[in-house]
2 protein chains.
Amino acid sequence: MNKLVQTGNTARRATTERVQRINDPDRTRADIIAVATREFAEKGLAGARVDEIAALTKTSKRMIYYYFESKEGLYLAVLEECYRAMREIESSLSLDELAPFDALRALVAFTVDYQFSHPDFIRLVMTENIHRGQYLATSKAIQKLNVPAIDGLRRVYERGVASGEFRPGIDLIDLHMSISALCVFNVANRYTFSLIFKRDMGQKRWLNRRSDEICEMVLRFVKNDR
Amino acid sequence: MNKLVQTGNTARRATTERVQRINDPDRTRADIIAVATREFAEKGLAGARVDEIAALTKTSKRMIYYYFESKEGLYLAVLEECYRAMREIESSLSLDELAPFDALRALVAFTVDYQFSHPDFIRLVMTENIHRGQYLATSKAIQKLNVPAIDGLRRVYERGVASGEFRPGIDLIDLHMSISALCVFNVANRYTFSLIFKRDMGQKRWLNRRSDEICEMVLRFVKNDR
DNA sequence: CCGCAAATGAACAAGCTAGTACAAACGGGC
DNA sequence: GCCCGTTTGTACTAGCTTGTTCATTTGCGG
């Protein structure tokens, strides 16, 4: 007997109904952040409701304030986690074995795909920009994991220039911005653009064609046309 | 005597202090919408406060509900007006006298500039996308002024293809989307991107360089490289 | 000069929302 | 075994927010 049935952080003894608790602060925090991410991404900072987040959590509103102090505190934690996850994925891409054009194409195609399948992240960034970056500006965690973000791109570009395939003189941050801009738009402006131009930008088939187009644009931009 | 001093919709007789009213519903509506545009652009739909909008208006909260029925009604009116103004400006651009490359460059440079100096419009569109376009979808006014939006671009592109300067086969909506994406990003992601990559994207000098880069990217994309 | 649309202003109602107080107990590392 | 950090749960508060009500007045086209 004494079967332990996991229901999130708590487990019940089937026989006695007495609640057995498992202390796991990391998991509790992660659970809250996961739920809050969805809510903030869905409704923005002002539109999200702490009660709603609490209800969807395995724990209670008490714990939200226990760990994050305020709605804004929770929002910032969500934002930091979102950037951290982005960078982690980005840095896991290995492009060094591919020829410059193939590597750049892979990088762009990956970015398109990744952002499309993680709309929450982009929606959070949109929300933060509506707030003029005021919360991100207070974050210490963000300042650290910033510039290495374009290391992958840098290596590819430098190899391309060295081989003569890419034209030199392109500013890397500019290039990164152009790629980001083209990729982010698919998610960020999906609804208004779909409505006005009657394209379903949520379809995977559409995205694949769009991905090719974006790759083409980036590759033509860097291509050395002596 | 009897000097009329305009203070918005009302005018006072300096001598008697008696208030003389001027009935001008168009102007009242326009005033409310102008204030509401700033507020919604600044704080989003959920973050904006009707009381705040009313206070900044020349009229009262009563009139907001008199004309727009609800906060959402006002928001939709703001959104419609914002799109209408965008299209109006876009269609005022005359590119037909320029050679294809120059015309396209002018179109792109204009778009960069216009969006940069009208951030409210882009911020509203961001907000509407956070709401998954649900308000724009209910609008009848929007459905009408949509596709002609790319007529200017179409004419330029077709001339370029005819003269052999542009490569054929490019989808116009795709091209429009790419231009939009590159331009919108400057405004939409200005704060987070500036923070992470330590560039002040609010500076005019930066924008000019960025504008050149975007033009370059678009021109290289359409250029016929037989 | 009549009647309707436009406007005024302040106070109120009802519901919502972030955050707290209270009261109690458990888990696990040391 | 002790203690601190973790957890549970509810009820509450104080302030905010949308939208309404009431009581009135004015402008203006026909």
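All values below come from the heavy atoms of this structure, side chains included, with hydrogens, waters and symmetry mates left out. All chains are named by letter (A, B, ...) in the order of the sequence lines, taking the proteins before the strands, and each is independently numbered beginning at 1.
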*Asks:* A side-chain contact here means heavy atoms from C-beta on lying under 4.5 Å apart; do R38(A) and I53(A) qualify?
*Replies:* no
*Asks:* Between E128(A) and Y75(A), does a side chain to side chain donor-acceptor pair (under 3.5 Å) hold up when you go through it step by step?
*Replies:* CA-CA 10 Å; E128(A) 179 59 10; Y75(A) 170 74; 2.7 Å; yes
*Asks:* Would you say that more than 12 heavy atoms from the other residues, nucleotides or ligands in this model lie under 6.0 Å from the CD of Q203(A), or not?
*Replies:* yes
*Asks:* Measure the distance from CD1 on I64(B) to C1' on dT17(D) and round it to the nearest whole Å.
*Replies:* 13 Å
*Asks:* Can you establish whether the number of heavy atoms outside K140(A) located under 6.0 Å from its atom NZ is more than 12?
*Replies:* no
*Asks:* Looking at T59(B), I'd like to know whether one of its side-chain N or O atoms comes within less than 4.0 Å of OP1 or OP2 on dT8(C).
*Replies:* yes
*Asks:* Taking the inter-plane angle between the rings of Y135(B) and H131(B) on a 0 to 90° scale, is it parallel (under 30°), tilted (30 to 60°) or perpendicular (over 60°)?
*Replies:* perpendicular
*Asks:* What is the distance, to the nearest angstrom, from the CD atom on E52(A) to the C1' atom on dT17(C)?
*Replies:* 12 Å
*Asks:* Could you tell me how far apart D26(A) (CG) and dG27(C) (P) are, to the nearest whole angstrom?
*Replies:* 18 Å
*Asks:* For the pair made of CG in D51(A) and P in dT17(C), what is the distance, rounded to whole Å?
*Replies:* 8 Å
*Asks:* Nearest-Å distance, CG (L45(B)) to C1' (dT17(D))?
*Replies:* 13 Å
*Asks:* Find the distance L74(B):CG to dT17(D):P and express it as a whole number of Å.
*Replies:* 16 Å
*Asks:* Hey, does the side chain of T28(A) come within less than 4.0 Å of dT7(D)'s phosphate (OP1/OP2), counting only N and O?
*Replies:* yes
*Asks:* Just to be sure I understand the rule, does A54(A) reach a base, reach only the sugar-phosphate, or reach nothing, if contact means heavy atoms closer than 4.0 Å?
*Replies:* nothing
*Asks:* So, does R190(A) use its side chain to make a donor-acceptor pair with the main chain of N129(B) at under 3.5 Å?
*Replies:* no
*Asks:* Taking the side chain as every heavy atom from C-beta outward, state whether D96(B) and R155(B) have any atom pair closer than 4.5 Å.
*Replies:* yes
*Asks:* Whole angstroms only, please: what is the NZ-P distance between K71(A) and dC16(C)?
*Replies:* 15 Å
*Asks:* In whole angstroms, how far is the P atom of dT17(C) from the OH atom of Y65(A)?
*Replies:* 12 Å
*Asks:* Between dT18(D), dT8(C), dT6(D), which nucleotide gets closest to the side-chain atoms of Y66(A)?
*Replies:* dT6(D)
*Asks:* Take nucleotides 10-15 of chain C nucleotide by nucleotide from the 5' end and write B, S or -, depending on whether a protein heavy atom sits under 4.0 Å from the base, only from the sugar-phosphate, or from neither.
*Replies:* B-----
*Asks:* Base, sugar-phosphate alone, or nothing: which one does F68(A) contact when heavy atoms must sit under 4.0 Å apart?
*Replies:* nothing
*Asks:* Taking only side-chain nitrogens and oxygens of R49(A), does any of them come within less than 4.0 Å of OP1 or OP2 of dA18(C)?
*Replies:* yes
*Asks:* According to a strict under-4.0 Å criterion, is Y67(B) in side-chain N/O contact with OP1 or OP2 of dA7(C)?
*Replies:* yes
